S.K.: 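This structure is in structure tokens; I'll ask about it shortly.
Proteins get letters first, then strands, A, B, ... in listed order; numbering begins at 1 in each. What you see is a predicted model; the values in this text were computed from it and never measured.
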Number of protein chains: 2
Amino acid sequence: MEELGYIPDPVAQALAASRSNVIGVLIPSVTNNVFSATLQGIYEAADDTPYDIQLGNTRYSALKEEMLVRLFLRQRPAGLIISGIDQMPSTRALLERANCPVVQIMEISDDPIDMMIGFSHYEAAKAATQHLIEQGYRKLGFLGARMDPRTQRRLKGFRDAAMAAGVYSEARIRTTQMPSTVTLGSELFAELLGSAPDTDAIFCINDDIALGALFEAQRRRIEIPRQLGLCGFNDFEMMAVANPSITSVRTFRQEMGSQAMKMLVQALDDPTKLTERYVDLGFEIRVRESTSNH
Amino acid sequence: MEELGYIPDPVAQALAASRSNVIGVLIPSVTNNVFSATLQGIYEAADDTPYDIQLGNTRYSALKEEMLVRLFLRQRPAGLIISGIDQMPSTRALLERANCPVVQIMEISDDPIDMMIGFSHYEAAKAATQHLIEQGYRKLGFLGARMDPRTQRRLKGFRDAAMAAGVYSEARIRTTQMPSTVTLGSELFAELLGSAPDTDAIFCINDDIALGALFEAQRRRIEIPRQLGLCGFNDFEMMAVANPSITSVRTFRQEMGSQAMKMLVQALDDPTKLTERYVDLGFEIRVRESTSNH
DNA sequence: GGTCGTAATGAAAGCGCTTACATTTGTCAA
DNA sequence: TTGACAAATGTAAGCGCTTTCATTACGACC
């Protein structure tokens, strides 16, 4: 083999064996840093394995997701990693019937298709909101973009925590279907101040929105954290170095990707004794200057 | 076919026809927003075509790049999109012998492997530096991270422009091999101020570094643009909404991806009458508050 | 009606492997 | 030496298509 420089043909292998060494990964966006970090983890964990990654970009569309699932399944993947828990029933059925391991990532629920690794967006948002309340803030605003099911659950967490403390106000909720950007964060915050200028803290659906709000607050000479508490979500690296540094909910994106991949490889290696099929990675509230209201 | 729900098997098609409908895309990083935006463009342009995208992550390693080229070529791709112009000679040879169209993206050079779309990082950095000089800044610093060949060419552009104006100072160059982050931007800027406190403007290799420098300047109460001119690179959306807004070099990342894909599809459809095989997308200096030194 | 050229249809080989099964070889105890 | 059994090796079918080539059908024309 060495002498002749023989290399097996993966296409012929896949046809004959009716399975490939391709692991399909479905994510809603390649530009969203949350998913790219997860992807990074997946690629890293795939490095020492015989598996290749094939990426599918669902663009936050359940229909596109189903199309991609069909496309992937046709190629007889070794395994599948899919984001979220909000697949259409027909997509779910496809996945359940697929004769390959499937890992759902980013979230957790009590009815996984097969394997699952993620965290509760509801609990995370709830905890962050409770933190704001503990810091003495009472007029809590919520800034949300791209309100997909995942972010809706965050909103629910915010609402439940705020209601429990008796500080919930529908008038301070600002959401949009538009994709999240820093600019949008500034705009949403400006809008919120327009109708509810006495807002004393905001929970942002993600760090981009929080950063936009920070810039807008700076422009308006609103003092953070004295006049306004600010909390983001995801804890991107920049949150710690912003001025002031911004409190955020740390999530374990890269770990999520690498562990998902490892679970898949283990299931492929030895399906019988698979230790973990369901992992809650949790979250951490990283308290920083932007909510240190003393 | 409809009645029986027949769907052709892509694996068998690929084996029999000894070609597939897979277009391989090689990028150095999935987390770097520059590449994810390009990727976004590629996916969009691939949407109405029969081609599927397969992504390879080279992690800024020429060796890994060659391995991935080999891997892809074995699968008989319809075409290949590869980032940059700094392939190893052996990789180049592989690509030249590959019987599929190849598009190099992100940069331009005068010896493309096949097709090419990008812009001159050298010229872009040079123009940005000239802008700083025009604004009256004279003690120009340079902050650079992940100094790969691409960013080295930006440094060269900076140096040549600064030298031409007689304002070049080796002591104000701060570079590192570490991956670029906002935190690193703050640190590099702090370092630069430590050894050259009279620096009156900085050109940052990218927007993350620039944002980090902005935060550090805010902490030190350095007034931008009066005391310090600040210029980034890539013109991410947040540059326009930062406080102050940050001058940056706009590049056409998404267009780069979508046009690369379109070139590929055209070459595949009708290889004879392919109009554009070489595209310089150029750049734009977006002048904002951070360099408006009047 | 017969010839020709063209279009439609049919048949068969083969792409490069995997896998199941048949055959051969090797090993050890009786 | 022989038989039994396991291990190693060899063989052939077939995965689901594409492609080439042979065959048949169809018109048009003289």
S.K.: So, B:Arg150 and B:Asp148, do they make that salt bridge, N to O below 4.0 Å?
M.R.: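 Yes, this pair counts.
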S.K.: Side chains of B:Ser180 and B:Asn206 only: does a donor on one sit below 3.5 Å from an acceptor on the other?
M.R.: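 There is such a pair between these side chains.
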S.K.: Indicate whether the side chain of B:Ser258 and that of B:Glu44 have a donor and an acceptor atom separated by less than 3.5 Å.
M.R.: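 No, because no side-chain N or O of B:Ser258 sits under 3.5 Å from a partner of the opposite role on B:Glu44.
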S.K.: In terms of ring plane angle, is the pair A:Phe35 and A:Tyr60 parallel, tilted or perpendicular, where the classes change at 30° and 60°?
M.R.: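 The arrangement is perpendicular - the two ring planes meet at more than 60°.
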S.K.: Using a heavy-atom cut-off of 4.0 Å to chain A, what are the terminal contacting nucleotides of DNA chain D, in 5' to 3' order?
M.R.: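 That gives a stretch of D:dG14 to D:dG16.
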S.K.: Any carboxylate oxygen within less than 4.0 angstrom of a Lys/Arg side-chain nitrogen, looking at B:Asp86 and B:Arg92?
M.R.: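 The answer is no: the pair does not qualify as a salt bridge.
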S.K.: For nucleotides 17-22 of chain C, give me every protein contact, N/O to N/O, under 3.5 Å, one pair per line with atom names.
M.R.:
from	atom 1	to	atom 2	distance (Å)
C:dC17	OP1	A:Tyr6	OH	3.0
C:dC17	OP1	A:Asp9	N	3.2
C:dC17	OP2	A:Tyr6	OH	3.2
C:dC17	O5'	A:Tyr6	OH	3.1
C:dC17	O5'	A:Asp9	N	3.4
C:dT18	OP1	A:Gln13	NE2	3.2
C:dT19	OP1	A:Arg19	NH2	3.1

S.K.: Using a 3.5 Å cut-off and no angle test, enumerate the donor-acceptor pairs between side-chain atoms of residues 69-82 of chain A and protein atoms at least two apart in sequence or in another chain.
M.R.:
from	atom 1	to	atom 2	distance (Å)
A:Arg70	NH2	A:Glu66	OE2	2.8
A:Arg76	NH1	B:Asp9	OD2	3.3
A:Arg76	NH2	B:Asp9	OD2	2.1

S.K.: B:Asp47 and A:Arg59: side-chain contact (heavy atoms from CB on, under 4.5 Å), yes or no, with the steps?
M.R.: CA-CA 11 Å; B:Asp47 238 13; A:Arg59 312 243 200 96; 3.4 Å; yes
